[in-house]
Amino acid sequence: MTATEMFPVEGHITVGDLPIDLQSASFLQNLRGLMAETLEDVVGLDDASGFIALVGQQMRNQINELYTQALGDRPLDAKTVAQILIDLKNRIEGGFFLIEQDEERIVLGNQHCRLADAALYEAKRSGRDRAMYCKPMLG
């Protein structure tokens, strides 16, 4: 039995059809924005920025460990790293893409920002460039 069947709403409104923007991506964007805003309000901009950088580093380390374990503990060449970045993009539904690659560097572009609203808020609040919040975590 569905929630609508258990608790009928007057006027034959189906709650599941209401125009509420609350999908996983928007929920997580809002959560992240509220956490960043609260953290900044409590500890200040510099400490909050440092904290967010540490969280990003920890996330990068976890992702690195996942791919290292899956591929075996071996050195990775630039081609494999590029393949990992594209795979990661696909798994997290990111919008970045490979622009160029050689043995010295990998250059990525970003078609969209998964943190769009939160990034705009952070950029306005901190006076920093919005693009700073939309870069892929792996560098």
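Hydrogens, waters and symmetry mates play no part in the numbers below; they use all other heavy atoms, side chains included.
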Q.
With clusters defined by side-chain heavy atoms of hydrophobic residues (ILVMFWY) lying less than 4.5 Å apart, directly or transitively, does Ile20 cluster with Val15?
A. yes
Q | Interatomic spacing from CG in Asn64 to CD in Gln57 - rounded to 0.5 Å | A | 9.5 Å
Q: Just do the side chain to side chain contact (heavy atoms under 4.5 Å, CB included) check on Leu85 and Leu98 with the steps written out, would you?
A: CA-CA 8 Å; Leu85 293 172; Leu98 185 63; over 6 Å; no
Q | Pairwise distance CD1(Ile86) to CD1(Ile106) - rounded to 0.5 angstrom | A | 9.0 Å
**Q.** Side-chain donor-acceptor pair present, Thr80, Asp77, cut-off under 3.5 Å
**A.** yes
**Q.** Partners meeting salt bridge (Lys or Arg N to Asp or Glu O under 4.0 Å) with Glu100 (sequence neighbours left out)
**A.** Arg105
Q.
Which residues pass the salt bridge (Lys or Arg N to Asp or Glu O under 4.0 Å) test with Asp47, not counting sequence neighbours?
A. none
Q) Given the rule that I, L, V, M, F, W and Y join up when any side-chain heavy atoms are under 4.5 Å apart, are Leu18 and Phe27 in one cluster? A) yes
Q) Is Leu39 reachable from Val55 through a run of hydrophobic residues whose side-chain heavy atoms are each under 4.5 Å from the next? A) yes
Q.
Regarding Gln69 and Glu65, do their side chains bring together a donor and an acceptor under 3.5 Å, going by distance alone?
A. yes
(Q) Please find the pair of heavy atoms, one from Ala48 and one from Glu40, that lie closest to each other, and give the distance. (A) CB-CA, 3.7 Å
Q: Show the numbers, then the answer: is there a side chain to side chain contact (heavy atoms under 4.5 Å, CB included) between Glu37 and Asp41?
A: CA-CA 6 Å; Glu37 178 183 350; Asp41 289 345; 3.9 Å; yes
Q.
In this structure, would Ile92 and Leu66 fall into the same cluster of hydrophobic residues linked by side-chain contacts under 4.5 Å?
A. no
Q. Regarding Asp87 and Gln83, is there a side-chain donor-to-acceptor distance under 3.5 Å anywhere?
A. no
Q. When hydrophobic residues are tied together by side-chain contacts of less than 4.5 Å, even through go-betweens, does Val43 share a cluster with Ile52?
A. yes
Q: Please round to the nearest 0.5 Å and tell me the distance separating atom CG of Asn30 and atom CE of Met35.
A: 11.5 Å
Q.
Can you confirm whether Leu71 sits close enough to Leu76 that some side-chain heavy atom of one is under 4.5 Å from a side-chain heavy atom of the other?
A. yes
